[in-house]
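Report on the structure given below.
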Amino acid sequence: MTSNNTEKPWGGRFSAPTDKFVEIFTESVSYDQRLAHYDIMGSIAHVRMLAKVSVISEKESKQIIQGLEKIENDISSGQFQWLTELEDVHMNIETALVEHIGDVGKKLHTGRSRNDQVATDIRLYLREEIDQICEKLNEALNALIKLAKEQYDTIMPGFTHMQSAQPVTFGHHIMAWAEMLLRDRSRLQDCRKRLNLLPLGAAALAGTTYPIDREYVAEQLGFDGVTQNSLDSVSDRDFAIEFSASASLIMMHLSRFSEELILWISQANGFIDMGDAWCTGSSIMPQKKNPDIPELVRGKTGRVYGDLMSLLTLMKGQPLAYNRDNQEDKESLFDAIDTVKMCLIAYAGLIPTITVNREAMYQAAAEGFATATDLADYLVVNGLAFRDAHEIVGKTVQFAIQHEKTLSELTLPELQQFSDAIKEDVFSVLELEGSVAARNHIGGTAPEQVKLAIERLNKLVNE
Ligand code: ARG
């Protein structure tokens with residue numbers, strides 16, 4: 001159960017070969033190979049810097065870069081052979097480099113350590129993923145904007161406690177979702193700013209004795225600057241936690257959105273339908289068309305929360321500086337990235353297939369006494385105190401329930417039994433259209449305001 005240790009870049013100090021189980025237990029190459037592109041990018045910037053400060057020659061730097069580029073090609077064409085014995089992406093690439101270009105390849109690892117190397121790789125990788133996720137958020141946001149434009153004046157019941165509360169426009173409701181996703185995007189942009197600093201140069205933990213030029217490396221790699229403390233540089237994974245927290249919030253929002261779509265598509269509500277291509281059937285019940293996409297998104301939310309908890313827990317007991325625990329950051333981070341990306345793709349695809357049953361929404365709003373507050377406000381305008389108006393309308397609603405009528409179906413004499421302040425003009429406030437149109441201020445549900453909200457948000461998303 002052993003393998004030949006002399007092949008390992010750190011093998012010099014060891015006299016016994018590594019146990020096979022230990023190789024399997026400690027390896028990360030099976031998953032960290034996804035960092036290969038960034039590892040090579042970081043290495044190229046590093047050797048350029050080594051040549052600039054004359055730690056290696058220009059010629060050596062060129063040879064190493066050529067070797068690394070060949071390895072990059074081999075990896076992208078699937079020809080690269082990843083070896084578990086070589087532990088991780090870094091040692092696999094470094095070993096292959098020496099194999100390709102000979103001893104000069106051994107100079108690559110001058111003045112750095114895998115500790116600052118891996119911290120650099122993850123930052124580069126996560127930065128790219130954040131940009132892609134922001135793109136996906138934009139796609140989902142644009143799909144919401146389009147739907148809100150179509151439904152800006154569609155009336156539906158607005159809910160509190162899942163009880164019909166006041167009528168709202170569906171466009172307004174959709175724009176509430178857009179606000180959430182817009183905040184999500186700004187959180188990611190914020191996280192990107194903080195992560196965009198170069199940790200390379202910290203070496204194992206204390207820095208290095210070579211005359212390195214960290215700013216030069218940072219510039220080549222598109223970092224905004226360099227990290228300020230070597231111990232912190234190799235041990236910090238705040239950025240992964242911040243990202244996962246942002247990803248958890250995205251998932252929480254998508255999950256709430258899912259929950260509503262699932263409720264709205266159910267026969268009990270029948271408010272919306274989704275394209276057949278975005279639903280699935282039942283293997284036993286031929287009539288079924290199930291909202292599996294939103295259900296899966298709701299279900300996947302838990303795994304991203306789990307990823308966040310794993311990362312927080314991973315870090316909480318670690319003394320400075322680097323500990324091998326940190327290798328465990330990757331699978332959680334990768335899972336959070338993959339999941340949130342897939343779910344955003346799902347929503348960007350699903351939203352455009354949503355169709356709306358305006359009658360069902362309207363009917364539900366009309367039946368739910370959603371304009372009761374409007375009636376109370378009407379009484380206040382006509383001289384009553386709000387508390388008295390509240391009481392009167394409560395009684396009116398009770399009467400309407402007993403007589404199986406909506407508020408606007410009550411006759412004027414029926415309404416006037418409860419207050420003589422009620423006049424013929426009351427019906428305009430009992431109508432759903434009047435109710436929504438009256439909430440005409442920034443943040444209100446009036447169709448006119450929905451149009452303005454769409455314009456504002458559209459600018460923020462697309463300019
Ligand atoms: N695979 C390791 C990780 O992901 C790379 C750094 C290993 N460093 C070390 N000193 N063993 O964290």
Side-chain angles (χ1 to χ4, degrees), residues 3 5 7-14 16-43 46 68 71 75 80 82-98 106 108-129 195 198-208 227 230-241 243-244 307 310-338:
S3 71
N5 231 20
E7 289 166 13
K8 294 197 189 336
W10 44 253
R13 179 241 183 269
F14 288 77
T18 315
D19 189 279
K20 264 283 170 223
F21 171 79
V22 172
E23 280 186 349
I24 289 162
F25 190 71
T26 56
E27 71 88 23
S28 55
V29 65
S30 56
Y31 50 87
D32 69 12
Q33 54 180 270
R34 82 154 83 178
L35 298 175
H37 170 67
Y38 304 94
D39 194 69
I40 289 173
M41 212 169 132
S43 290
H46 179 67
L68 287 168
I71 292 170
I75 294 170
F80 191 84
W82 297 103
L83 298 174
T84 310
E85 306 86 272
L86 291 172
E87 218 174 282
D88 55 24
V89 60
H90 324 293
M91 298 211 304
N92 266 270
I93 291 174
E94 195 187 329
T95 306
L97 180 71
V98 177
K106 293 180 183 166
L108 166 63
H109 211 52
T110 313
R112 75 171 187 187
S113 149
R114 278 185 294 157
N115 299 352
D116 57 345
Q117 190 181 350
V118 70
T120 306
D121 292 4
I122 307 173
R123 284 178 192 245
L124 286 170
Y125 161 77
L126 183 56
R127 186 178 73 186
E128 169 64 30
E129 291 294 338
L195 81 74
L198 175 81
L200 203 69
L205 76 166
T208 177
T227 55
S230 64
L231 298 169
D232 181 48
S233 303
V234 291
S235 76
D236 170 33
R237 293 294 182 272
D238 291 3
F239 53 88
I241 295 173
F243 169 80
S244 306
D307 296 328
S310 301
L311 288 168
L312 282 167
T313 313
L314 171 69
M315 297 312 295
K316 78 176 273 294
Q318 285 196 52
L320 288 172
Y322 177 87
N323 305 283
R324 191 62 176 269
D325 313 38
N326 274 0
Q327 182 164 294
E328 289 290 312
D329 62 354
K330 288 170 206 62
E331 284 169 297
S332 300
L333 180 63
F334 296 168
D335 185 70
I337 290 169
D338 294 346

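Just so you know, ligand 1 is whichever comes first in the structure, and atom 1 is the first atom listed for that ligand.
- If you look at ligand 1, the protein residues with a non-hydrogen atom under 4.0 Å away are S28, D88, H90, R114, N115, V118, Y322, R324, Q327, K330.
- For R123, the salt bridge (charged side-chain N to carboxylate O under 4.0 Å, His left out) partners at least two apart in sequence or on another chain are D236.
- In this view, D338 and R34 satisfy the salt bridge (charged side-chain N to carboxylate O under 4.0 Å, His left out) rule, not counting sequence neighbours.
- Between the side chains of Q318 and N326, at least one donor N or O sits under 3.5 Å from an acceptor N or O.
- The minimum heavy-atom distance between Q327 and T26, with the atom names listed, is NE2-O, 2.7 Å.
- Exactly one residue among K330, R114, K8 makes a salt bridge (Lys or Arg N to Asp or Glu O under 4.0 Å) with D88. That residue is R114.
- Residues that satisfy the salt bridge (charged side-chain N to carboxylate O under 4.0 Å, His left out) test with R324, not counting sequence neighbours, are E87.
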